[in-house]
Trainee: 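Mind looking over this structure? Questions follow.
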There are 2 protein chains.
Amino acid sequence: MISVLLVEDKADYRNALKLILDNTPGFCCVADYCDAESCMNDNTYNNADVALIDIQLPGISGIQLVSFFKEKNPALLCLMCTAYEDGDNVFSALQAGAHGYILKSDAPSKILEAIVEVVNGGSPMSSQVARKVIEAFHRPAQVEYSLTNREEEILQHLSKGLLYKEIAFRLSISTETVRRHCFNIYDKLHVNNRTEALNKFFGKKPHR
Amino acid sequence: MISVLLVEDKADYRNALKLILDNTPGFCCVADYCDAESCMNDNTYNNADVALIDIQLPGISGIQLVSFFKEKNPALLCLMCTAYEDGDNVFSALQAGAHGYILKSDAPSKILEAIVEVVNGGSPMSSQVARKVIEAFHRPAQVEYSLTNREEEILQHLSKGLLYKEIAFRLSISTETVRRHCFNIYDKLHVNNRTEALNKFFGKKPHR
DNA sequence: GCCCTTCTACCACTAAAATGCTATTGTTTT
DNA sequence: AAAACAATAGCATTTTAGTGGTAGAAGGGC
């Protein structure tokens, strides 16, 4: 028996889903809310397997609700529900911790299928959104900056936010040498400071 | 016309695919190889739109080939091909830069569909593999550090490696104010420098 | 009205980082 | 043996970052 939690502002759609869930063997609707706030103030989310959440909710968005669930009950599987396939929003939701999504235009049978899929360890989503996820996920091609082993080692320590003197102590070399290595690193990477070097070497887009 | 490159060691399967591609309007097979090495030594990969690559190749693996393509011709779309759905390998391939994958057991029509899908910006993959990708992609739960909007904005700029004065210029405020914001940020995050703040706020493990 | 937070700003001081130059030791390549 | 590179290290200088104190203007909440 899969317990589903509904958070959807449109009463018609919410009630329809509830009816379908409660009348399909193997499914049940443990609770339903018309907004995120009332759901957060309740604690039914601890008794559900899957949460079906509308992305566009009045007030606190569905994406924020996912973040909330992720903290309060990480085991809860979040399935997003959107009217139309809004790439960016769906993407943000997945990034926040959602496990898949369905379109409101999908047939009830497809929605039930998606719920089962999520429970079975899948992540139902369209191929287009999958691409966005994949791309954010790709490791940027190693552009081979030919740093020496020692330089990479230094960079590892730099990435932790350590001071030169702390790195020097850990590696049992002088602060001057650490300094020198850094300078050489920045030179090779064509950057001017620690943060740029880390972004470049570890291939990070600065930040979302 | 979609130009496809084949890298597949099983001659039967490779020839069959080639035949299908060359005899389907809108598709053509620009080259085919039985291993990664010979493909890397040629330069046909510059003339293809999509590369269909077997994951299990003798010698250099399909995953390594993807990394190679990513560096040499980042525009080439890599579609992996596997005999059975080996989660870890497929996952690694996607991480290395592949855009989707198909199963050898899929019908020819489905394979052609997947190729079109990739060209159209999609990422064909199973729901199970999508889940693995999604999970690797999830941001760790934000521990809510209650930074103000302005402080988060400053942090965004810090993450690019900008100097205080550069941030000040972009936000049209004084350097002193940027300085002050940073101090407040470090205070709230209980850290002592930029790198630590970035690691903590953006929830990153220092580095692999 | 008053309190509290946020954003703004200046000053002063210390610590650290970034940029130069030079130089020794060892290892590897040619 | 010479040349090239890697790692080490010292010194000097300038710039930037980090830590304090203080304080005014704008906005929300009580």
Side-chain angles (χ1 to χ4, degrees), chain A residues 35-37 40-41 58-61 64 142-204 206-207, chain B residues 142-204 206-207:
Chain A
D35 58 43
E37 284 87 341
M40 289 159 102
N41 291 330
I60 296 177
S61 77
Q64 289 170 289
Q142 303 288 33
V143 196
E144 250 343 290
Y145 287 111
S146 69
L147 295 189
T148 66
N149 291 340
R150 196 53 151 178
E151 284 165 350
E152 288 203 26
E153 198 178 356
I154 298 275
L155 213 43
Q156 288 291 342
H157 288 288
L158 286 180
S159 82
K160 297 174 196 152
L162 298 180
L163 302 179
Y164 288 167
K165 65 167 92 167
E166 292 172 323
I167 298 172
F169 180 76
R170 296 200 186 190
L171 300 181
S172 301
I173 56 178
S174 88
T175 307
E176 290 299 326
T177 305
V178 176
R179 210 188 271 294
R180 167 104 328 252
H181 281 306
C182 289
F183 189 45
N184 292 336
I185 290 168
Y186 298 163
D187 220 38
K188 286 186 181 175
L189 301 186
H190 307 298
V191 296
N192 300 298
N193 61 51
R194 180 188 295 217
T195 307
E196 285 181 347
L198 296 176
N199 285 340
K200 194 146 190 176
F201 189 78
F202 292 111
K204 294 224 224 52
H207 279 117
Chain B
Q142 300 287 32
V143 195
E144 250 344 289
Y145 287 111
S146 70
L147 294 189
T148 66
N149 291 339
R150 194 57 150 178
E151 284 165 351
E152 288 203 27
E153 197 179 355
I154 298 277
L155 213 43
Q156 289 292 341
H157 288 289
L158 285 180
S159 82
K160 297 174 196 152
L162 297 180
L163 302 179
Y164 287 165
K165 65 165 94 168
E166 292 172 324
I167 298 173
F169 180 75
R170 295 199 186 189
L171 300 181
S172 302
I173 56 178
S174 89
T175 307
E176 291 300 326
T177 304
V178 175
R179 209 188 271 291
R180 168 97 347 235
H181 280 306
C182 289
F183 189 43
N184 292 336
I185 291 168
Y186 299 163
D187 220 37
K188 286 186 181 175
L189 301 186
H190 306 299
V191 297
N192 300 297
N193 61 52
R194 181 187 295 218
T195 307
E196 285 180 347
L198 296 175
N199 285 340
K200 194 146 190 178
F201 188 78
F202 292 110
K204 296 239 207 43
H207 281 115

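Please read these numbers as outputs of a predicted model, since none were measured by experiment. Order of the sequence lines fixes the chain letters, A, B, ..., with proteins taken first and strands second; residue numbering starts at 1 for each chain.
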Trainee: Should B:Lys188 and B:Glu151 count as an ion pair when the cut-off is N to O under 4.0 Å?
Mentor: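 Salt bridge: yes.
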Trainee: Expressed as a whole number of angstroms, how long is the span from A:Ile173:CD1 to D:dA6:C1'?
Mentor: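 So the two atoms are 12 Å apart, to the nearest Å.
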Trainee: May I ask you to evaluate whether A:Asn184 reaches the phosphate of D:dC5, defined as a side-chain N or O under 4.0 Å from OP1 or OP2?
Mentor: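 No, because none of the side-chain N or O atoms of A:Asn184 sits under 4.0 Å from OP1 or OP2 of D:dC5.
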Trainee: Once you round to the nearest 0.5 Å, how far does CD of A:Glu196 lie from CG of A:Leu189?
Mentor: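 Here the rounded value is 10.0 Å.
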Trainee: Given D:dA9, is OP1 or OP2 found less than 4.0 Å from the side-chain N or O atoms of A:Thr175?
Mentor: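 Answer no for this pair, as no side-chain N or O of A:Thr175 is under 4.0 Å from OP1 or OP2.
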Trainee: Is A:Thr177 touching bases, backbone alone, or none of the nucleic acid, heavy atoms closer than 4.0 Å?
Mentor: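 If one applies the 4.0 Å heavy-atom cut-off, A:Thr177 turns out to touch a base.
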Trainee: Using atom OH of B:Tyr164 as one end and atom P of C:dA16 as the other, report the distance to the nearest whole Å.
Mentor: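 Value for this atom pair: 14 Å.
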Trainee: Would you say the base of D:dG21 and the side-chain of B:Arg180 have a donor-acceptor pair closer than 3.5 Å?
Mentor: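 Side chain to base: pair present.
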Trainee: Take atom CG of B:Asn192 and atom C1' of C:dA16, then tell me their distance rounded to the nearest Å.
Mentor: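 It works out to 12 Å between those atoms.
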Trainee: Counting only side-chain heavy atoms from C-beta out, which of C:dA16, C:dC7, D:dA7 sits nearest to B:Thr148?
Mentor: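 When the side chain of B:Thr148 is considered, C:dC7 is the closest of C:dA16, C:dC7, D:dA7.
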Trainee: Is any side-chain N or O of B:Tyr186 closer than 4.0 Å to OP1 or OP2 of D:dT19?
Mentor: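 For D:dT19, OP1/OP2 do not have a side-chain N/O of B:Tyr186 under 4.0 Å.
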Trainee: Rounded to whole angstrom units, what separation is found between the CD1 atom of A:Ile167 and the P atom of D:dT8?
Mentor: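 Result: 13 Å.
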Trainee: Is any side-chain heavy atom of B:Leu158 closer than 4.5 Å to a side-chain heavy atom of B:Tyr164?
Mentor: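 B:Leu158 vs B:Tyr164: side chains touch.
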Trainee: Taking CZ from B:Phe183 and C1' from C:dA16, how many angstroms apart are they, rounded to a whole number?
Mentor: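 Computing the B:Phe183:CZ to C:dA16:C1' distance gives 16 Å.
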Trainee: Please state how far atom NE2 in A:His181 lies from atom C1' in D:dC5, giving the value in whole angstrom units.
Mentor: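 So the NE2-C1' distance, A:His181 to D:dC5, works out to 13 Å.
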Trainee: Side chain of A:Asp35, backbone of A:Ile60: donor and acceptor closer than 3.5 Å?
Mentor: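 Answer holds: no.
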Trainee: Rounding to an integer number of Å, can you tell me how far A:Asp187 CG sits from C:dA18 C1'?
Mentor: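 After rounding, the reported distance stands at 12 Å.
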Trainee: More than 12 non-hydrogen atoms from neighbouring residues, nucleotides or ligands closer than 6.0 Å to CG on A:Asn149, yes or no?
Mentor: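 Count not over threshold, so no.
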Trainee: Nearest-Å distance, CD (B:Glu176) to C1' (C:dC10)?
Mentor: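 From B:Glu176 CD to C:dC10 C1': 6 Å.
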Trainee: Touch check for B:Arg194, heavy atoms < 4.0 angstrom, all strands: base, sugar-phosphate only, or nothing?
Mentor: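 Sugar-phosphate, backbone atoms only, no base.
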Trainee: If you find the nucleotide of DNA chain C closest to B:Arg179 and the one closest to A:Arg179, which residue's nucleotide is nearer the 5' end?
Mentor: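 The residue closer to the strand's 5' end, by nearest nucleotide, is B:Arg179.
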